[in-house]
Amino acid sequence: MLVVKKFGGSSVANKERIFNVAKRCAEDYRNGNDVVVVLSAMGKTTDGLIAQAKEINPNPPKREMDMLLVTGEQMSVAYMAMAMASMGIPAVSLNAFQVAMHTSSAYTNARLKRIDTERIRNELDARKIVIVTGFQGVNRYDDFTTLGRGGSDTTAVALAAALHADSCEIYTDVEGVYTADPRIVPNARKMSEVTYDEMLEFASLGAKVLHNRSVEMAKKYGVQLVVRSSLNYAEGTVVKEETKMEKMIVSGVASDLNTARVSVIGVKDEPGIAFKLFHYLAAKNINIDIILQSVGRDGTKDISFTVPRTDLQETLEIIKEHKDVFTANSYESDEHVAKVSIIGAGMSSNPGVAAKMFEALYGADINIKMISTSEIRITVLIDENDVNRAMRAIHDKFDLGDD
Ligand code: ADP
Ligand code: ASP
Ligand code: MG
């Protein structure tokens with residue numbers, strides 16, 4: 001068997017945790033399996049590196065940001081190989097160059113395109129555990145890139161696909177995928193299985209337990225995933241194409257603080273304005289989510305939308321620069337907002353789901369600023385201070401919990 005095992009930052013946060021991971025990998029190795037380990041940076045290392053960079057330059061060049069961030073993962077893999085060596089387990093650490101993990105050129109948000117497997121195969125054939133840096137890649141300029149926050153999950157899935165692994169296990173600090181973030185909703189229930197499509201919604205709507213691109217890739221290449229705890233042996237959650245579980249109307253609740261609202265005010269009520277606005281933003285790779293356009297009045301209208309909070313400054317600069325093209329009188333933004341979403345494949349055929357969600361928010365006296373719906377989810381934008389209360393109120397209303 002060839003197994004790919006990915007361990008997140010909290011699972012390698014200190015010496016004890018590193019040895020805990022080394023031991024779990026050694027078990028597989030001693031059972032005769034080929035073991036590929038993917039690691040994230042230790043604990044909150046990546047956050048620390050970003051904060052330090054911003055002290056030096058509040059708007060650091062993205063290339064240099066990636067050059068910096070890759071060091072976090074490189075520390076983890078080296079320490080892990082040292083830990084394994086001390087246990088008499090042959091192991092080798094490899095970074096994205098050494099593997100070679102080829103990505104698109106977009107610094108800080110690159111996409112994995114191709115992985116060379118020869119070096120890894122050779123090391124496995126030599127009966128070594130191969131420990132690979134998550135989150136990083138190399139682009140066509142021979143520069144380091146990173147895959148976006150939480151991207152180590154994607155490295156693991158991509159490696160599992162490229163190596164035709166027999167299993168891909170994502171180890172983290174919770175026991176699996178829950179009906180809501182168990183740190184916010186204490187009675188959230190662990191799901192034994194979840195489909196790729198539902199998991200993709202969860203991940204895209206803020207449940208950072210899996211990086212959304214990792215789920216996209218798992219679906220594309222048919223890689224079945226298991227999400228489980230690195231700290232115990234509890235059964236985790238299987239992420240796959242079909243589940244035998246009865247489809248729930250609503251399967252869970254997710255929240256996302258990485259969002260900000262932008263309003264472009266007083267644009268001309270004529271064809272092409274939305275196109276121009278979103279075209280400029282798309283050209284800078286800025287993801288727009290909820291969009292709301294007001295009814296035209298006196299020949300003008302307002303367009304509001306949400307962007308990742310991390311892209312707000314860049315968005316505002318683009319609007320400022322092209323204000324005349326967009327025919328805007330003014331613009332404003334609010335970054336103290338958050339998205340809360342419900343997800344469920346059974347939603348489209350069940351009227352009244354939205355009303356029930358809004359009733360839960362009303363009951364908790366929480367104001368809705370924007371709404372967006374699709375067949376499989378409903379998202380509201382609310383004040384960021386209301387997020388945890390909103391999650392619990394909605395989770396309770398749909399009776400998703402354990403008790
Ligand atoms: P890692 O460092 O292992 O990649 P992350 O912090 O990226 O871990 O992801 C795990 C965290 O995801 C959990 O600690 C939990 O707070 C959060 N989370 C959010 N939504 C969910 C959910 N629906 N189920 C499980 N965990 C969730
Ligand atoms: N270390 C990176 C981050 O913190 C990647 C990851 O953890 O998956 O975002
Ligand atoms: Mg993660």
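For ligands, and for the atoms within them, numbers begin at 1 and follow the listed sequence. FYI, side chains are in, hydrogens and waters are out, and symmetry mates aren't considered; it's all heavy atoms of this structure.
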K.L.:
In terms of side-chain heavy atoms, does Thr108 have a donor or acceptor partner in Thr146 at a distance below 3.5 Å?
P.N.:
no
K.L.:
Quick check on side chain to side chain contact (heavy atoms under 4.5 Å, CB included): which of Glu216, Met217, His102 does Arg111 satisfy it with?
P.N.:
Glu216
K.L.:
Check each protein residue for a heavy atom under 4.0 Å from ligand 1 and list those that pass, ordered by chain and number.
P.N.:
Lys6, Gly8, Gly9, Tyr171, Thr172, Asp173, Val174, Gly176, Val177, Tyr178, Ala180, Asp181, Pro182, Arg183, Ala207, Lys208, Val209
K.L.:
Regarding Arg63 and the six-membered ring of Phe144, is the cationic atom NZ or CZ under 6.0 Å from the ring centre and inside 45° of its axis?
P.N.:
no
K.L.:
Collect the protein residues that have a non-hydrogen atom under 4.0 Å from ligand 2 and hand them over in chain and number order.
P.N.:
Ser40, Ala41, Thr46, Glu73, Phe135, Arg149, Gly150, Gly151, Ser152
K.L.:
Are Phe305 and Phe278 close enough that their ring centres sit under 6.0 Å apart?
P.N.:
yes
K.L.:
Is it the case that the side chains of Gln136 and Thr133 hold a donor-acceptor pair, with the cut-off being a distance below 3.5 Å and no angle test?
P.N.:
yes
K.L.:
Going by the rule side chain to side chain donor-acceptor pair (under 3.5 Å), which residues pair with Arg377 if we only count those two or more places apart in sequence or in a different chain?
P.N.:
Asp289, Thr379
K.L.:
List the steps, then state whether side-chain contact (heavy atoms from CB on, under 4.5 Å) holds for Ser192 with Glu235.
P.N.:
CA-CA 8 Å; Ser192 57; Glu235 256 180 56; 6.0 Å; no
K.L.:
Cationic tip of Arg24 within the cone over Phe7's six-membered ring, i.e. under 6.0 Å and within 45° of the normal?
P.N.:
no
K.L.:
Identify, with sequence neighbours excluded, every residue that meets side chain to side chain donor-acceptor pair (under 3.5 Å) alongside Asp324.
P.N.:
none
